[in-house]
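As C-alpha cells, the structure follows; a few thoughts come after it.
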Protein chains: 2
Amino acid sequence: MEKTIIDLETAAQTLKLLGDKTRLTIIGLISEGECCVCEFVEVLQMSQPSVSQHLRKLRDAGLVKEKRKGQWIYYSLNKDHATYPIVQQIIEQIPDQIEKLHALEQAGLRIQCDS
Amino acid sequence: MEKTIIDLETAAQTLKLLGDKTRLTIIGLISEGECCVCEFVEVLQMSQPSVSQHLRKLRDAGLVKEKRKGQWIYYSLNKDHATYPIVQQIIEQIPDQIEKLHALEQAGLRIQCDS
DNA sequence: TCACTATATAAGCATATGCTTATATATGCA
DNA sequence: TGCATATATAAGCATATGCTTATATAGTGA
C-alpha cells in the first residue's frame, strides 16, 4: 500500500517509459529477479542492439540497474528509485512475464549465458 | 486493492497515454469529477485545439468519457473501462491536481462556462 | 596476443507525436 | 435567420521514437 507521492513530471516520464510493450515486458521479466541481456533477446525475439537501447532508457531513468558478471551484464529493478512504487503497482496489474523465461528454459533455449 | 490483471498490450497503451504531462494532468484534474474543455484550457495554459487533441486520445482509448451539457462538453474518468484500476493507482501516486482548479476559481478565472 | 562472445554505441531512416493555424460543427440566443 | 461561443477536426511541420546495420568495447580463454 504505497502512498508515496511522485512529482507529476517524473511520474509522466516513468509512465512514458513503461508505455512501450518491449520495456513493459522487460520490467515484468525482472520483477522477481535479474536477467541478462541475452535472455531478453531470446524472450523478446528482438535484435540485441534494439534490446540494449531499451535497457539504456530504463537505466538512464533509474528504473533498472545493471551488474556485470564476467562477460554478462544482468539487469534488475532499482527498488531504491523514487518511482519504484509506481513500477511496483503496475507490475501487479500485468500478466506474469516470468513464465516466458520458464518456457524458454524448458525449450532448452535459455542460458547460453549459463547463469 | 485492485488485483485486476490487464493484458500487457493494453496496459502498455494505457501507460503510454498517461506518459504525457498534459494528459496525466487532465486525468488528475478529473479524478474527483468532471471538467469542461475550457477549464482544461485555462489550467493547462494550452491552446484549445491542443487540449482537444489530447482529450480525443484519452477518449478513443476509453479512459475518459464525455457528456454534453448545452454548449459545453464535460469530460470525466471512465470508471467502467478495463484499465481503470491502473489509472486509479496512478492517480493515487501523483500530486493533487484539483488544487489548480481551486486556484483558478479564486483568481476569478474559472467558469466562463458557468457550471 | 588472438579469436570469440556479450554488450554498447553510433548513424541513418521511417514512422509517430504534439504543436500550430485554419476551418468545420454544434449550441444558444437575439 | 444570423451571430457569438464552445469544441472538434484537418493539414502542415518540427521533433521524438524505435528500428536497422555497422562498429566499438570489454571480458574469456587458448
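Convention: sequence-line order gives letters A, B, ...; per-chain numbering from 1.
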Set of side chain to side chain contact (heavy atoms under 4.5 Å, CB included) partners for L8(B), sequence neighbours left out = K21(A), L24(A), T25(A), I94(A), P95(A), Q97(A)

Which angle, to the nearest 10 degrees, lies between the helix axes at the two ends of the helix from dT1(C)-dA30(D) to dA30(C)-dT1(D), each defined by five pairs?
-> 20°

Nearest-angstrom distance from the residue atom CZ of F40(A) to C1' of dA6(C) = 14 Å

Please output the side-chain donor-acceptor pairs of residues 51-59 of chain B that fall under 3.5 Å, not counting sequence neighbours, one pair per line with the distance.
unit_1: S52(B); atom_1: OG; unit_2: Q48(B); atom_2: NE2; d: 3.3
unit_1: H54(B); atom_1: ND1; unit_2: R23(B); atom_2: NH1; d: 3.1
unit_1: R59(B); atom_1: NE; unit_2: E66(B); atom_2: OE1; d: 3.3

M46(A) has an atom CE; how far is it from atom P of dA8(C), in whole Å?
-> 14 Å

Tell me, do V87(B) and N78(B) make a side-chain contact under 4.5 Å, heavy atoms counted?
-> no

Rounded to whole Å, the CG-C1' distance (L15(A) to dT17(C)) equals 17 Å

Take the protein atom CG of L44(A) and the nucleotide atom P of dT20(D), then report the distance between them rounded to whole Å.
-> 12 Å

Working to the nearest 0.5 Å, report the span between CD of E42(A) and SG of C35(A).
-> 12.5 Å

Measure from CH2 on W72(A) to P on dG27(D) and round the result to the nearest Å.
-> 13 Å

Minimum side-chain heavy-atom gap E34(A)-I30(A) below 4.5 Å = no

Please report, rounded to the nearest Å, how far the P atom of dT7(D) is from the CD atom of E34(B).
-> 12 Å

Under 4.0 Å between a side-chain N or O of Y75(B) and OP1 or OP2 of dA6(D)?
-> no

Minimum-distance nucleotide to I73(A) side chain [options: dT20(C), dA6(D), dT7(C)] | dT7(C)

Measure distances between side-chain N and O atoms of Q71(B) and base N and O atoms of dA26(C), and say whether any donor-acceptor pair falls under 3.5 Å.
-> no

Just wondering, do T14(A) and I6(A) contact through their side chains at under 4.5 Å, heavy atoms?
-> no

Among the nucleotides dT21(C), dT7(C), dC19(D), whichever has the atom closest to the side chain of P49(B) is dT21(C)

Quick one, which residues of residues 59-69 of chain B touch DNA chain D with a heavy atom under 4.0 Å?
-> R59(B), E66(B)

Rounded interatomic separation in angstrom, taking NZ from K21(B) and P from dC19(C) = 12 Å

Examine L29(B) and I98(B) and state if one hydrophobic cluster contains both, with Ile, Leu, Val, Met, Phe, Trp and Tyr joined whenever side-chain heavy atoms are less than 4.5 Å apart.
-> no

Please determine if a side-chain N or O atom of K16(A) lies less than 4.0 Å away from the OP1 or OP2 oxygen of dT17(D).
-> yes

Are any side-chain N or O atoms of H81(A) and backbone N or O atoms of A61(A), one a donor and one an acceptor, separated by less than 3.5 Å?
-> yes

Are any of the side-chain heavy atoms of I27(A) and V64(A) separated by less than 4.5 Å?
-> yes

Flag, side chain of Q89(B) to backbone of I86(B), donor-acceptor distance under 3.5 Å | no

In chain order, what residues pass the salt bridge (charged side-chain N to carboxylate O under 4.0 Å, His left out) check against E32(A), with sequence neighbours excluded?
-> none

Cluster link Y84(B) to L63(B), ILVMFWY, side chain under 4.5 Å | yes

Of all of residues 50-58 of chain A, which get a heavy atom below 4.0 angstrom from DNA chain D, listed by number?
-> S50(A), Q53(A), H54(A), K57(A)

Ignoring hydrogens and angles, are the base of dA6(C) and the side chain of Q48(A) linked by a donor-acceptor pair under 3.5 Å?
-> no

Counting side-chain heavy atoms from CB outward, which of dT7(C), dG18(C), dA6(D) is closest to V37(A)?
-> dT7(C)

Check the distance between dT17(D)'s C1' and D20(B)'s CG and give it to me in whole angstrom.
-> 14 Å

